[in-house]
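Data first, discussion second: the structure below is written as structure tokens.
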Protein chains: 2
Amino acid sequence: MSILIAVKGWNPDHWIHALKAQAPDRQVVLASEAFDRDAIRYALVWKPEPGLLKSLPNLQVIFSLGAGVDHLTTDPQLPDLPVVRIVDPDLTQRMTEWVLLQVLMHHRQHFHYAAAQAAGQWRARRQWGAADVRVGVMGLGVLGLDAIRALKALGFQLRGWSRTPKVIEGVQTWAGDEGLAPFLAATDILVSLLPLTAETTGLIDARLIDGLAKDGPLGGPVLINAGRGRSQVEGDVNAALRDGRLKGASLDVFAVEPLPHDSPLWTAPNLIITPHVAAESDPVALSAYVLSQIAGHEAGAGLANLVDRKLGY
Amino acid sequence: MSILIAVKGWNPDHWIHALKAQAPDRQVVLASEAFDRDAIRYALVWKPEPGLLKSLPNLQVIFSLGAGVDHLTTDPQLPDLPVVRIVDPDLTQRMTEWVLLQVLMHHRQHFHYAAAQAAGQWRARRQWGAADVRVGVMGLGVLGLDAIRALKALGFQLRGWSRTPKVIEGVQTWAGDEGLAPFLAATDILVSLLPLTAETTGLIDARLIDGLAKDGPLGGPVLINAGRGRSQVEGDVNAALRDGRLKGASLDVFAVEPLPHDSPLWTAPNLIITPHVAAESDPVALSAYVLSQIAGHEAGAGLANLVDRKLGY
């Protein structure tokens with residue numbers, strides 16, 4: 001009943017430590033070391049080597065160690081086993097913090113005041129109210145709904161868009177291809193929390209940017225993306241920031257990570273870049289989540305937060 | 001039954017426009033122009049000329065056009081008339097936005113990520129949770145309580161300090177001189193929303209800064225002041241930022257405003273300066289507030305949010 005950890009680009013020590021502290025009786029092994037393939041029942045993975053999971057004959061459940069699962073579902077040899085997504089209150093709360101921070105920085109004219117301060121100048125500007133600003137959230141899953149809850153409490157007008165229709169109290173929502181244009185036209189600050197799927201790849205392009213509301217109080221639309229980097233066409237985002245079609249942007253995710261040092265985005269105006277840290281996975285909180293799911297599975301209670309392979313999330 | 005507007009350093013046009021739009025039958029006059037002193041019943045003031053209010057024989061109520069009233073109570077010739085403070089949901093909401101933004105910028109390591117971005121470098125850092133951070137609010141009036149409500153919803157630990165004891169659900173509170181040291185020792189991020197009184201003048205000095213918690217997750221204490229500038233000893237704040245006793249600070253208010261161009265604060269490290277814009281008075285919302293108070297007064301229902309001259313707020 002061993003647990004395998006297969007993570008790429010992360011230090012697995014924290015995970016081993018957290019799992020062993022919470023489940024001292026389980027064997028926890030690392031994919032980068034020698035291990036008994038037959039013993040593995042559960043795999044905790046982030047960007048695992050293609051074919052690795054297929055090579056485990058007694059594997060029962062795959063846990064994806066992040067909110068998105070595109071790192072996994074793109075493996076053509078992914079075995080036909082349940083894939084469990086991370087849905088953790090701690091991760092959700094961190095994402096909401098990041099989204100709130102970015103919305104408030106643009107809303108409260110951070111770039112203006114930072115430039116004034118750097119010049120040693122006292123330059124007050126008229127400030128519109130939150131009720132004057134329409135924040136549109138794309139992706140109305142757990143993360144999107146929690147961001148909406150927090151933004152609503154601050155008095156922003158909320159809009160929502162998702163693949164399938166959703167009803168959210170106090171939020172005007174649209175769905176699908178035909179709902180995209182009216183949603184964008186009613187949005188001053190666009191927040192994308194979309195998973196990466198065939199439909200969302202390259203969705204945030206020049207056409208989408210040009211469809212955002214232009215008459216809002218910020219003086220132009222703002223893009224905030226903490227979903228997946230490949231949802232955005234980075235050349236289009238860069239161009240729109242430089243010619244003013246975007247008033248500002250905040251990006252935590254990029255098509256290639258780390259963002260290459262020669263990317264023009266590093267010097268694009270009115271852009272806030274964070275290095276994929278909006279919602280870090282906390283090994284202690286997430287190990288508890290994984291172990292409680294395993295306990296439920298072994299007791300015959302089933303698994304929660306299963307990924308729909310067809311939808312890709 | 002005329003209304004006098006006497007504001008210094010503001011453009012009064014918005015106020016005249018807002019008042020006339022909402023009360024077309026009232027006469028609204030400007031202190032900077034000729035007017036009939038006998039006709040004035042109500043005065044809307046911000047830093048009025050000393051002696052002006054005393055020269056109005058039929059004045060009944062003074063409205064202070066801001067959350068603080070120190071600009072008014074320092075007039076030695078202030079007549080013995082009711083002074084009404086602005087308590088406006090719009091102003092409160094703007095202040096809460098500003099406080100949240102500043103807390104989140106320090107909590108989410110803004111200075112680190114801004115420096116990394118400026119250098120074109122992808123430098124992720126470990127992020128602690130909101131539940132690991134103790135935010136201490138000084139001043140538990142309308143503004144302080146609303147900031148606490150919003151910060152609690154994000155999962156921060158809350159502490160409170162005020163002149164007289166207050167009980168707030170889920171918040172550990174202290175009061176008075178003897179409560180200050182234990183409050184500070186339990187605070188990682190200090191938020192001051194204090195009014196300016198004899199007791200609060202110069203309160204935020206080196207001794208207070210050195211009393212803040214040093215063992216928090218941010219790596220040192222943070223000061224946020226949106227109360228009044230003269231509550232802080234600016235030389236002490238500057239020195240503490242430069243030698244690292246303060247990990248960071250956000251100041252919206254200063255002893256002298258505009259902050260002089262040669263102030264060393266402009267170049268202090270890890271400091272965010274905004275030019276007294278945390279909570280701007282909105283003429284439309286505040287004119288409605290003033291007119292509803294006048295209507296209540298004339299109907300014999302009395303006045304709300306009266307200033308206690310002895311306390312100074």
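Quick note on labels: first sequence line is chain A, next is B, and so on, each numbered from 1.
Counting heavy-atom pairs under 4.5 Å between each of A:A116, A:A118, A:A278, A:A285 and chain B puts A:A278 at the top. Put simply, of B:H261, B:E280, B:R108, the one with the most heavy-atom pairs under 4.5 Å next to chain A is B:R108.
If you measure heavy-atom distances from A:Q93 to chain B, the contacts under 4.5 Å come from the side chain alone. For a residue to count as touching a neighbouring chain, one of its non-hydrogen atoms must lie under 4.5 Å from one of that chain's; by this rule A:A114 does not touch chain B. For chain B, no part of A:H112 is nearby; none of its heavy atoms comes within less than 4.5 Å.
Around NE2 of A:H71, the count of heavy atoms belonging to other residues, nucleotides or ligands within 6.0 Å exceeds 12. Atom CZ of B:R242 sits in a crowded spot, with more than 12 heavy atoms from other residues, nucleotides or ligands closer than 6.0 Å.
Side chains of A:L101 and B:M105 form a contact here, defined as non-hydrogen atoms less than 4.5 Å apart. Residues B:H110 and A:H110 form a side-chain contact, since some pair of their non-hydrogen atoms from C-beta on lies under 4.5 Å apart.
A:L154 and B:E97 make their closest contact through O-OE2, 4.5 Å (heavy atoms, listed as atom of the first residue, atom of the second, distance).
Between atom CD of residue B:Q121 and atom CD1 of residue A:I273 there is a gap of 12.5 Å, rounded to the nearest 0.5 Å. Taking CH2 from B:W128 and CZ from A:R94, the interatomic distance works out to 10.0 Å, rounded to the nearest 0.5 Å.
Although no hydrogens or angles enter the test, the distance criterion places no donor-acceptor pair under 3.5 Å between the side chain of B:E257 and the main chain of A:W122. When atom types are taken as modelled, the side chain of A:Q117 and the backbone of B:T274 share no donor-acceptor pair closer than 3.5 angstrom. No donor-acceptor distance shorter than 3.5 angstrom exists from the side chain of B:R123 to the backbone of A:P275, with no hydrogens or angles considered.
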